[in-house]
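Structure first, commentary second.
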Amino acid sequence: MIENQLWHPVIASNQVRDTPVSCILLGEALVLWREPGHDGAPGAVHAWVDRCPHRGARLSLGRVLNHLHGARLECPYHGWQFGGDAAAAQAQVASGRCVHVPAAPAFDPPASHCATVFEATERHGLVWVRLERPDRTEMPAALAEPPVFEPWSDPLWRQVLCGPYDVNTGAPRLVENFLDLSHFGFVHEGWLGARSHAQVETGKVQEGADGVVAEDCRAWQPRAYAGASEGGWVSYRYAVPHPFAAILRKDGSVGDPVSNAIALFIRPDTTGSCTAWFAMATLGDLSDDEELRAFQDAVFAQDRPVVESQLPHALPIGRDGPIAEVHSPADRMSSAYRRYLARLGVTLGVC
Ligand code: FES
Ligand code: CO
């Protein structure tokens, strides 16, 4: 399954502190824990299966130990200790190996006594996890890493992470909603659109192995930019660099001092449920972080009931699926996105 070979966001980095936390990714329960930091730098994050190999207890109910020989995760049941990177380097065992059994302290646990470990990294304020290494030579190079989102690391821009939003539908439905300009006048009337100005322009849509890019997508908005007093046409650029991620960008222009970039990053929890974040970066927006979050929360609260109502929760991408959907010329981006999922062979959340 290609989904297992992709990087997925699982939790905001600042939610993994000194106690383990859990989440579901692609139906797999994970424990996330962080090694204690040094000299102000945060320690490494680990993502393991949330199940002790001894008797199956949830490791996320355990504790992080700052052991002399490196951080360890202690199981809540019999206190077995599993090594993180530092402990693993010290003991010359793979990360996740059991390094101590308190009830049998002289026992030297063999390699089989180990937690199931996944690759984890941090990007754009989120922890990203990959369940399997890619085994496909045809995997696009861009998917070997979490999606690129330059404005998140640009010191001139301000970055605000919004979410998590847990949503009762498949991740592809949510991506498609993000790419869809033609719902603005109805779902977000008075906020992002008006039904009296419902017409949109889908611009130039390009499809390639690395995803979908659409330039100059235009919609009428009641406020052409944050702080504007009147409506006008707004031009967006969209990119879909990953099956479950999409990035919108609006650059400032003469008469519009604000540039915005919003990345939608989604954790596919199960086939029919997901958790989303908006990584927002802005240049020139005078609202404070809390106002930006409140706006995003309000807009998402408008989307949620409609998106969760869409049936099936899986996105119909094939002509021979159980349900076919029909399209208009305003849906060119969504059609391109559906073809991208089909080309990649994505099976989660599609039908
Ligand atoms: Fe984890 Fe026994 S179940 S130590
Ligand atoms: Co919307």
Side-chain angles (χ1 to χ4, degrees), residues 20 22 29 31 33 48-65 67 72-83 96-105 107-110 112-117 162-163 165 167-169 171-195 197-198 200 202 214 217 219-223 234 236 238 240 246-248 250 260 262-264 266 274 276-278 280 292 294-310 315 330-331 333-334 337:
S22 63
V31 53
W33 66 281
W48 296 354
V49 168
D50 192 11
R51 180 181 181 279
C52 179
H54 178 222
R55 291 293 178 266
R58 286 184 63 177
L59 292 171
S60 57
L61 299 175
R63 303 190 294 168
V64 175
L65 304 178
H67 191 271
R72 298 171 175 183
L73 183 60
E74 182 191 70
C75 177
Y77 198 177
H78 309 99
W80 286 26
Q81 295 174 11
F82 299 88
R97 255 297 272 281
C98 178
V99 286
H100 184 57
V101 174
F107 174 58
D108 184 18
S112 55
H113 290 40
C114 94
T116 303
V117 173
C162 303
Y165 306 99
V167 192
N168 187 22
T169 195
R173 283 285 191 195
L174 209 51
V175 172
E176 199 175 79
N177 169 257
F178 186 79
L179 300 175
D180 181 273
L181 288 166
S182 59
H183 75 284
F184 284 5
F186 303 92
V187 175
H188 307 297
E189 183 160 35
W191 289 66
L192 301 178
R195 62 180 66 216
H197 287 87
V200 300
T202 53
C217 304
W220 190 93
Q221 300 210 322
R223 285 189 312 159
V234 177
Y236 290 133
Y238 285 92
V240 181
I247 297 170
L248 170 162
K250 186 198 72 117
N260 281 316
I262 304 179
L264 168 67
I266 307 176
C274 61
W277 292 265
F278 294 105
M280 302 182 51
L292 287 176
F295 184 83
Q296 206 62 32
D297 287 355
V299 167
F300 193 74
Q302 295 164 350
D303 281 310
R304 178 196 292 279
V306 178
V307 171
E308 290 186 337
S309 83
Q310 286 178 279
L315 187 72
D331 301 317
M333 217 170 358
S334 104
Y337 172 58

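Both backbone and side-chain heavy atoms feed into the values below; hydrogens, waters and symmetry mates do not. As the structure lists them, so they are numbered: ligands from 1, and atoms in each ligand from 1.
- Short contacts between ligand 1 and C52, defined as distances under 4.0 Å to a heavy atom of the residue, involve ligand atoms 1 (Fe), 3 (S), 4 (S).
- No side-chain donor-acceptor contact under 3.5 Å links E74 to the backbone of R63.
- Residue contact check: C75 has heavy atoms under 4.0 Å from atoms 1 (Fe), 3 (S), 4 (S) of ligand 1.
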**Prompt:** Does the pair F295 and W191 meet the rule for a ring pair (Phe, Tyr, Trp, His ring centres under 6.0 Å), with working shown?
**Reply:** CA-CA 9 Å; F295 184 83; W191 289 66; 5.5 Å; yes
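- The distance between the ring centers of H113 and F107 falls below 6.0 angstrom.
- Residue contacts to the Co ion (ligand 2): D303 brings an N, O or S atom closer than 2.8 Å.
- Formation of a donor-acceptor pair under 3.5 Å by the E308 side chain with backbone atoms of N168 is found in this model.
- A heavy-atom distance below 4.5 Å is not found between the side chains of V31 and R58.
- Atom 2 (Fe) of ligand 1 lies under 2.8 Å from an N, O or S atom belonging to H54.
- Our summary of the site lists the angle at the Co ion (ligand 2) between NE2 of H188 and NE2 of H183 as 100°, to the nearest 10 degrees.
- Looking at M280 and N260, their side chains never come closer than 4.5 Å, going by heavy atoms from C-beta outward.
- Atom 2 (Fe) of ligand 1 has H78 ND1, 2.0 Å as its closest protein atom, hydrogens excluded (heavy atom only).
- In terms of protein heavy-atom proximity, atom 3 (S) of ligand 1 is closest to R55 N, 3.3 Å.
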